[in-house]
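Here is the structure we will look at, set down as structure tokens.
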Amino acid sequence: AQRLIFKYTQQGDLTCFLSAYFDPKSAQASKQEAKAYAEIALSLGIEATEGLFCTDVLGEAQAAGKAGWKTVLLKRPGNAPLPPQHGFREATSLLDV
């Protein structure tokens, strides 16, 4: 799904700007566990504090934040409303990030 999202955007194919894709299998943990984001940082050769994680799922943002990542919650049409004061920066587009 990640490849398709970035391949078919209103701005065209953005996959050339991405170097890797991750899923729970590659991270060996659930996307709502901090361990997944620690493993992703390790595989990228960065400190988690150097990474930016964008998601539209609050539980994923909480897990990435717990692992040390900078995190942005993406507000997308059709998603459930976010609870007030969740503590994360919000954006409606990756252009806002």
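Owing to the predicted nature of the structure, the values given are computational and were not obtained by experimental measurement.
- Under the 3.5 Å distance criterion, the side-chain polar atoms of Lys70 are left unmatched by any main-chain donor or acceptor of Phe53.
- Counting heavy atoms from C-beta on, the side chains of Tyr37 and Glu60 come closer than 4.5 Å.
- The distance from atom CG of Leu95 to atom CD of Gln10, rounded to the nearest 0.5 Å, is 9.5 Å.
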Check against side-chain contact (heavy atoms from CB on, under 4.5 Å), Ile46 and Trp69: CA-CA 11 Å; Ile46 65 170; Trp69 288 71; 4.2 Å; yes
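- Cluster annotation: Leu52 and Leu58 are assigned to distinct hydrophobic clusters (Ile/Leu/Val/Met/Phe/Trp/Tyr, side-chain heavy-atom contacts under 4.5 Å, transitive).
- Exactly one residue among Asp56, Val57, Asn79, Thr55 makes a side-chain contact (heavy atoms from CB on, under 4.5 Å) with Leu73. That residue is Thr55.
- Taken to the nearest 0.5 Å, the OH atom of Tyr8 stands 9.0 Å off from the OG1 atom of Thr15.
- Atom-to-atom distance recorded for Phe17:CZ and Gln11:CD is 10.5 Å, nearest 0.5 angstrom.
- Under a 3.5 Å cut-off, the side chain of Thr9 and the backbone N or O of Phe6 do not form any donor-acceptor pair.
- For the residue pair Ala48 and Ala67, the shortest heavy atom distance occurs at CB-O, 3.1 Å.
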Phe22 vs Glu39, side-chain contact (heavy atoms from CB on, under 4.5 Å): CA-CA, chis, key distance, verdict: CA-CA 10 Å; Phe22 298 95; Glu39 292 292 327; over 6 Å; no
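- Counted within 6.0 Å of CD on Glu50, heavy atoms from surrounding residues, nucleotides or ligands total more than 12; the atom is thus considered enclosed.
- Note that the NZ atom of Lys75 and the CG atom of Leu82 stand 6.5 Å from one another [nearest 0.5 Å].
- Pairing each heavy atom of Asp96 with each of Ala91, the nearest pair is CB-CB, 3.8 Å.
- Atom NZ in Lys31 sits 9.0 Å away from atom CD1 in Ile40 (nearest 0.5 Å).
- Leu18 and Leu74 fall within the same hydrophobic cluster, defined by Ile, Leu, Val, Met, Phe, Trp and Tyr side-chain heavy atoms under 4.5 Å apart, directly or through other members.
- Counting non-hydrogen atoms of other residues, nucleotides and ligands closer than 6.0 Å to NZ of Lys66 gives a total of 12 or fewer.
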